[in-house]
> 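Below: one structure in structure tokens.
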Amino acid sequence: EVTYTCLMNGLCKMGKLKEAKGLFNAMLERGIRPDIVTFTGMISGLCKDGKIAKALELFNFMLEKSEEPNNITYNILINGLCKEGLLSDVFKILEMMVEKGKKPDVVTYNMILRGLCDIGNVNDALKLFDLMLSNKNYVDPDAWTISMLIRGLCREGRLDEAAKINSEMIEHKKVGDVVTYTALIGAYLKEGNVEKAMELWKEVLQLGLIPDSRTYSVMIDGFCKRNIINIAKGLFSKMRSLGLTPTLPDYNTLMATLCKEGSFEQATRLFKEMVDGNIQPDVISYNIIIDSSIKAGNIQYANELLNHMNRRGLTPDAFTFSMLINRLSKLGLMEEAKSTFERMTACGFSPDISVYDSLLKGFSVQGQTEEMIGLLRKMG
RNA sequence: GGAUUGGCUUGGGCA
């Protein structure tokens with residue numbers, strides 16, 4: 001039974017829902033009685049796959065078998081319903097839960113709070129939060145509660161409200177953690193309020209919270225977006241000196257920003273580091289370097305990279321082709337641009353308007369009217 | 001012994 005359950009949960013987590021379902025049925029056929037964990041795990045798998053109706057069906061089946069759901073079972077269902085935006089059903093389940101004498105816990109409320117935020121009802125989320133704080137029939141909020149509220153508020157641009165809640169909770173309830181701060185810092189950086197972000201960052205360190213790789217990623221991304229490359233670089237190396245591993249997007253963002261400000265050398269250095277290291281470059285990494293090497297006039301290096309990419313089993317995507325065509329056209333290398341265009345369509349990509357635009361401009365500069373007419377036909 | 005909620009996501013021409 002436990003073996004079955006473990007296997008099924010494993011399968012669910014790998015997205016092999018069909019197999020898990022098969023195993024579940026096999027269990028029933030063999031007369032093995034699924035226990036609450038088995039049922040709950042299966043319901044969770046169904047919810048994660050968006051099969052809410054099936055999950056509810058199984059839930060009812062569970063009731064028929066007089067297996068009593070516990071808080072976790074209810075929470076999983078509520079979460080599934082929240083993710084689908086079915087808040088009215090959520091409240092039905094909640095009611096049922098209470099009728100059966102189960103007390104909703106902090107996880108239950110957190111999910112409902114997030115559900116409310118996700119349907120754009122942040123004000124009701126705030127009301128729920130107040131109830132959690134003041135009403136004894138509810139449960140005290142935890143750091144998760146705060147982080148979800150912050151996310152909801154920040155999405156509506158209500159950053160200062162979010163920051164206020166965070167600092168009040170830290171001060172009076174000692175609730176809040178590196179996640180709540182990371183969410184806030186990210187939001188402020190996105191908004192362009194670097195000062196406030198830095199202030200919060202100092203607070204993180206003062207409170208003795210340990211920034212994790214997520215925190216660094218958020219900041220690297222934020223500073224890159226604001227073109228404050230030196231701080232981004234500093235954070236990147238700080239992160240590594242702490243033994244945290246930068247993610248692929250961290251590398252890519254940093255490389256893209258370096259390229260944008262003309263530090264092509266530094267970008268390629270990072271790229272080579274990736275190739276020699278544990279984080280292997282993906283198509284995006286290649287695109288970034290290929291594009292800026294052409295921009296820097298080094299077409300040969302771009303070609304080498306294209307070959308290198310193929311050897312490593314990465315296929316160019318629509319961006320790769322568009323980039324190449326756009327750049328080649330601009331350089332007046334229309335033969336190459338044209339053959340790239342042909343390869344692009346042969347690979348099944350449909351060129352967008354910018355590709356046609358560049359090609360048309362390129363041909364027009366050289367007075368190649370027949371080519372232009374041919375293109376216009378393909379567009380129409 | 002096994003099951004539930006939170007924080008950033010990266011690349012292209014012309015402008």
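Just so it is clear: chains get the letters A, B, ... in the order the sequence lines come, proteins before strands, and each one is counted from 1.
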> Nearest to the side chain of A183(A), which nucleotide is it out of rG7(B), rG13(B), rA3(B)?
rG7(B)
> Checking only heavy atoms, does the side chain of D357(A) share a donor-acceptor pair with the base of rG13(B) at less than 3.5 Å?
yes
> Please pick, from rG13(B), rU5(B), rG6(B), the nucleotide with the shortest atom-to-atom distance to any side-chain atom of M111(A).
rU5(B)
> Parallel, tilted or perpendicular: which fits the ring planes of Y301(A) and F264(A), with parallel below 30° and perpendicular above 60°?
perpendicular
> So, for F24(A) and F39(A), is the gap between ring centers shorter than 6.0 Å?
yes
> Tell whether D291(A) reaches the base of rG13(B) with its side chain through a donor-acceptor pair below 3.5 angstrom.
no
> Within less than 4.0 Å of OP1 or OP2 of rC8(B), is there a side-chain N or O belonging to K225(A)?
no
> Could you tell me whether the side-chain ring of W144(A) sits stacked on the base of rU5(B), using a centroid cut-off under 5.5 Å and a plane angle under 30°?
yes
> Please determine whether any donor N or O and acceptor N or O are separated by less than 3.5 Å between the side chain of D177(A) and the base of rG6(B).
yes
> If you compare every side-chain N and O of R151(A) against the phosphate oxygens of rG7(B) (OP1, OP2), does one of them come in below 4.0 Å?
yes
> Can you say whether a donor on the side chain of T215(A) sits under 3.5 Å from an acceptor on the base of rG7(B), or the other way round?
yes
> Checking ring pair (Phe, Tyr, Trp, His ring centres under 6.0 Å) between F341(A) and each of Y356(A), F349(A), F363(A), F321(A), which is the one that passes?
Y356(A)
> From the set rC8(B), rU4(B), rG13(B), return the single nucleotide nearest to any side-chain atom of V218(A).
rC8(B)
